Amino acid sequence: MAVASDLAFDPWDPAFVADPYPAYAELREQGRVRYFEPTDQWLVAHHADVSALLRDRRLGRTYLHRFSHEEFGRTPPPPEHEPFHTLNDHGMLDLEPPDHTRIRRLVSKAFTPRTVERLRPYVRTLADELVAGLVEAGGGDLLRDVAEPLPVAVIAEMLGIPESDRAPLRPWSADICGMYELNPSEEAAAKAVRASAEFSDYLRDLIAERRKNPGDDLISGLIAAHDEGDRLTEQEMISTCVLLLNAGHEATVNSTVNGWWALFRHPDQLAALRADHSLVPTAVEELMRYDTPLQLFERWVLDEIEIDGQVIPRGADIAMLFGSANHDPAVFADPSRLDLARRDNPHISFSAGIHYCIGAPLARIELAASMTALLERAPTLRPAAEPVRKPNFVIRGLEGLAVELG
C-alpha cells in the first residue's frame with residue numbers, strides 16, 4: 001500500500017495550510033493515488049482522476065441508500081451528534097439518486113438561467129452599495145464589509161428569510177461547516193450540533209409561517225410543490241435551505257477574499273485588471289482556480305474500483321483534492337502563475353457530475369459584481385495589513401482582509 005506519511009501533505013500544519021500547492025505538486029509526482037493513514041483516506045491529486053471520479057457512479061456522497069453503517073464497515077456517528085447528521089444527511093449534496101434527483105429537480109427551478117439572470121440587477125446594486133460604504137469609511141475589512149454580506153443577503157432573499165432574522169445565519173453556517181474539516185475536534189462538533197439544532201428550529205418555525213402566509217420565495221415554492229404532489233418532507237426542506245445558505249455563500253465569501261489577496265500579491269495582474277475591466281469574467285475563473293475555496297471533497301467507494309493498479313475496496317473513503325487538480329500542469333499551462341486572461345481553464349472548483357454546484361451561475365454573478373464595484377469605486381484599494389489565514393484546510397479562507405484607499 002502506498003502511504004502518504006512520507007509526504008509534505010499535512011492538513012494540520014499551519015505552513016501547509018498557508019500554501020498547500022508545493023505539497024500537492026510532490027503528491028502528484030508520487031503517483032495517482034496515495035493512502036493517508038491519519039484520516040483513513042485515499043488521496044487523489046490529478047485533475048483527470050478527480051474529474052473522472054466525480055462522475056463515477058461507483059462512488060457516492062452517502063452509502064446509507066445501499067448499506068447500513070455496519071455492512072459498510074463504518075462506525076455510526078455518536079448519538080450526541082444526531083442533530084448535525086439529521087440536518088446534513090437530508091440535504092441533496094449528501095444524497096444519491098433517486099432522492100437526490102427528486103430534490104434537485106425541485107430546487108433547480110429557482111436556479112434556471114432566466115431566474116438567476118433576473119437577480120443580476122439586485123446583486124449589482126447591493127454590491128455597489130456595500131463598496132460605497134467601504135469607500136466612504138476610507139477602508140475596512142473586505143470580508144466583513146463586502147465579501148460576506150453580499151452572498152448572504154442574496155441567498156437569504158431567495159429563501160425569504162426576513163432581514164431582521166439574518167444576523168445568526170453566518171455564525172450558524174460557520175459552525176456547521178466546521179464539521180467538514182478533517183478529524184474535527186469535539187469542540188467543533190459541539191458547535192456544529194448546537195448550530196444545526198438552532199438553525200433547524202428557526203427554519204421549522206419559518207416554514208410553518210410560510211404555510212399560513214406564502215410569499216414569492218423559494219421556501220414558499222417548495223411548500224407549494226409539496227402540496228401539489230412532489231414529495232418533499234419537512235426535514236428535506238430544512239436541510240435543503242441550510243445547504244443552499246451554506247453552499248450559497250461560503251465559496252463566494254472565500255473566493256472574494258482569497259482572490260483579492262492574490263491580486264494584491266500580483267500587482268502586475270491587478271494593474272492589468274484595473275486597466276481593462278473586460279477581464280473580469282476570466283479573472284473570476286482564474287482566481288477560483290488559483291486559490292481554490294474548497295480544497296477537498298469526499299466520496300465513499302460503493303463498489304470496488306482500481307486506480308493505476310491500486311485496488312480500492314468498497315467502504316473506503318476517497319479524498320479528491322480540488323486544489324491540487326486545479327494546479328495540475330497536465331491541464332493548466334504554468335499552473336502556479338496567476339493569469340487573469342487565461343482562457344483554457346477547466347477548473348473544478350464547482351465540482352462535476354450530478355453534484356455540480358447548482359448555484360454556480362449565481363456565484364459567478366456575485367463575484368463579478370463585487371469585483372467590478374471595487375474596480376470602479378475603489379481603484380486605489382490596497383491591503384492595510386497582512387491577513388491571518390483561517391486554520392481550516394478543507395474550506396480555505398482568511399479571517400479577514402483589512403484594506404484602505406491609497
Side-chain angles (χ1 to χ4, degrees), residues 11 14 16-21 24 93 123 127 130 134 140-156 169-182 184 188 192 242-266 280 283-298 320-327 338 347-351 357-371 373-374 383 386-403:
F16 171 85
V17 172
D19 183 11
Y21 300 104
Y24 290 154
L93 183 61
V123 174
L130 292 168
L134 183 76
D141 182 353
L142 191 62
L143 185 147
R144 181 196 63 220
D145 298 333
V146 177
E148 195 171 82
L150 176 64
V152 170
V154 172
I155 197 65
L169 298 181
R170 176 66 172 161
W172 280 337
S173 174
D175 286 346
I176 290 169
C177 289
M179 277 290 268
Y180 302 137
E181 293 300 318
L182 299 177
V242 172
L243 172 63
L244 290 174
L245 189 282
N246 292 352
H249 81 277
E250 279 289 345
T252 308
V253 170
N254 293 320
S255 292
T256 301
V257 291
N258 289 346
W260 275 95
W261 180 232
L263 288 171
F264 290 144
R265 288 179 289 121
H266 294 82
V280 165
V284 166
E285 303 301 321
E286 174 67 349
L287 290 167
M288 291 196 74
R289 179 202 72 82
Y290 184 77
D291 204 5
T292 309
L294 181 66
Q295 291 282 311
L296 179 152
F297 204 53
E298 292 179 271
M320 288 174 277
L321 299 174
F322 282 12
S324 175
N326 283 344
H327 279 247
L338 181 66
H347 69 77
I348 53 172
S349 300
F350 289 120
S351 192
C357 177
I358 198 170
L362 179 58
R364 287 183 165 109
I365 286 175
E366 292 169 347
L367 290 166
S370 66
M371 179 177 288
L374 286 162
E386 182 92 7
V388 175
R389 185 162 291 285
K390 288 182 178 179
N392 307 338
F393 161 62
V394 174
I395 299 176
R396 180 170 174 79
L398 304 174
E399 296 285 1
L401 183 54
V403 293

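We count residues from 1, following the sequence as given. As the structure is a prediction and not an experimental result, all values here were calculated from the model.
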Quiz item: Centroid-to-centroid, His327 to Phe322, below 6.0 Å?
Solution: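 Centroid separation for His327 and Phe322: 6.0 Å or greater.
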Where the side chain of [X] meets the backbone of [Y], is there a donor-acceptor pair that is under 3.5 Å apart?
X: Ser255; Y: Ala251; answer: yes
X: Glu298; Y: Tyr180; answer: no
X: Asp141; Y: Leu143; answer: yes
X: Asn326; Y: Ile348; answer: yes
X: Arg396; Y: Asn258; answer: no
X: Arg170; Y: His249; answer: no
X: Ser370; Y: Leu367; answer: yes

With rounding to the nearest 0.5 angstrom, report the [atom1] to [atom2] distance, [X] to [Y].
X: Ile395; Y: Glu181; atom1: CD1; atom2: CD; answer: 6.0 Å
X: Ser351; Y: Ile358; atom1: OG; atom2: CD1; answer: 13.0 Å
X: Cys357; Y: Leu93; atom1: SG; atom2: CG; answer: 9.0 Å
X: Leu245; Y: Leu169; atom1: CG; atom2: CG; answer: 5.0 Å
X: Phe350; Y: Arg364; atom1: CZ; atom2: CZ; answer: 4.5 Å
X: Thr292; Y: Asn254; atom1: OG1; atom2: CG; answer: 11.5 Å

Exercise. Could you give me the CA-CA distance, side-chain angles and deciding distance for Trp260 and Leu374, then say whether side chain to side chain contact (heavy atoms under 4.5 Å, CB included) is met?
Key: CA-CA 10 Å; Trp260 275 95; Leu374 286 162; 3.5 Å; yes
Self-check item: Val253 vs Pro151 side-chain heavy atoms within contact, under 4.5 Å
Solution: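 Result yes, sub-4.5 Å side-chain heavy-atom pair found.
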Quiz prompt | Intermediate values then yes/no, side chain to side chain contact (heavy atoms under 4.5 Å, CB included), Asn246 and Ile176 | solution = CA-CA 9 Å; Asn246 292 352; Ile176 290 169; 3.7 Å; yes
Practice problem: Would you kindly say whether Gln295 and Tyr24 are connected by a side-chain donor-acceptor distance under 3.5 Å? | Solution: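 Yes - a donor-acceptor pair under 3.5 Å links their side chains.
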Self-check item: Salt-bridge contact Asp291-Arg389 (side-chain N to carboxylate O under 4.0 Å)
Solution: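 Salt bridge flag = yes for Arg389 with Asp291.
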Quiz prompt | Smallest separation among heavy atoms of Thr252 and Gly248, with atom names | solution =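 In this case the closest contact between Thr252 and Gly248 is OG1-O, 4.0 Å.
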Self-check item: side chain to side chain contact (heavy atoms under 4.5 Å, CB included) assessment of Val394 paired with Leu182
Solution: CA-CA 7 Å; Val394 174; Leu182 299 177; 4.1 Å; yes
Practice problem: Take Leu287 and Thr256, measure what side chain to side chain contact (heavy atoms under 4.5 Å, CB included) needs, and give me the verdict at the end. | Solution: CA-CA 9 Å; Leu287 290 167; Thr256 301; over 6 Å; no
